[in-house]
Amino acid sequence: MNVLDASAFINEYHTDDRIATIPLVREELEDESAYRFDALEGSGMHLHIPDEETVEQIRRAAGETGDLDGLSTTDIRLVAAAFELDGRLVTDDYAMQNVAEKLDIDVEVIARDGIEEQREWHFQCQGCGREFDEQHDRCPICGSPLSKKNPSSA
């Protein structure tokens, strides 16, 4: 089962496999892509609403990878749907791909190159320079803002 992100509707993704998405994706679409969503729903596309426990599990995983701030509610719920349906997530979103990779969810990209490796971001205080594995609103030591740091350059 392929679980479709908004980019699948925007880029006219086609497959012979069964497809699913979540109702929130429809709210992100306009014009022809919205009509594609409606047509696919009318022809049997499964609309899935993931359990809140799974959604929380995805939030925790996104927090561990450092991608939580880059994911919308729709993104988190799409990853949760792919997880619950044991499906392939169809998206061009790098943060979603990174979280999916951490959870061993298959990913198919549409119009972009996919991620080359799964990353767990680091966060560095802009004031005192300390590094943290998890994101905080502010540095717990000096109170300065944190910036996301690529782990490969750490």
Does the side chain of Leu78 come within less than 4.5 Å of Thr91's, by heavy atoms?
no
Is Asp67 salt-bridged to Lys102, cutoff N-O under 4.0 Å?
no
Using a 3.5 Å cut-off and no angle test, enumerate the donor-acceptor pairs between side-chain atoms of residues 36-46 and protein atoms at least two apart in sequence or in another chain.
from  : atom 1 : to    : atom 2 : distance (Å)
Arg36 : NE     : Phe9  : O      : 2.6
Arg36 : NH2    : Phe9  : O      : 3.1
Asp38 : OD1    : Arg26 : NE     : 2.8
Asp38 : OD2    : Arg26 : NH2    : 3.0
Ser43 : OG     : Ala39 : O      : 3.2
Ser43 : OG     : Leu40 : O      : 3.2
His46 : NE2    : His48 : ND1    : 3.4

Can a donor-acceptor pair be found between the side chains of Glu84 and Thr54 at a distance below 3.5 Å?
yes
So, Ser72 and Asp75: side-chain donor and acceptor under 3.5 Å apart, yes or no?
yes
When you measure from the side chain of Thr21 to the backbone N and O of Leu4, does any donor-acceptor pair fall under 3.5 Å?
yes
Whether Asn98 side chain and Tyr94 backbone form a donor-acceptor pair below 3.5 Å
no
Do Cys128 and Cys139 have side chains that get closer than 4.5 Å, going by heavy atoms?
yes
Tell me whether Asp86 at atom CG has more than 12 heavy atoms from other residues, nucleotides or ligands lying less than 6.0 Å away.
no
Residues, nucleotides or ligands: over 12 heavy atoms within 6.0 Å of Leu47 CG
yes
Less than 4.5 Å apart, any side-chain heavy atom of Leu89 and any of Glu108?
no
Would you mind reporting whether Arg88 and Val3 have side-chain heavy atoms less than 4.5 Å apart?
no
Is a side-chain donor or acceptor of Asp92 paired with a backbone partner of Ile110 at a separation under 3.5 angstrom?
yes
Using a 3.5 Å distance criterion without hydrogens, assess whether the side chain of Asp51 forms a donor-acceptor pair with backbone atoms of Glu53.
no
Show the numbers, then the answer: is there a side-chain contact (heavy atoms from CB on, under 4.5 Å) between Met1 and Ile19?
CA-CA 5 Å; Met1 165 118 12; Ile19 57 172; 5.9 Å; no
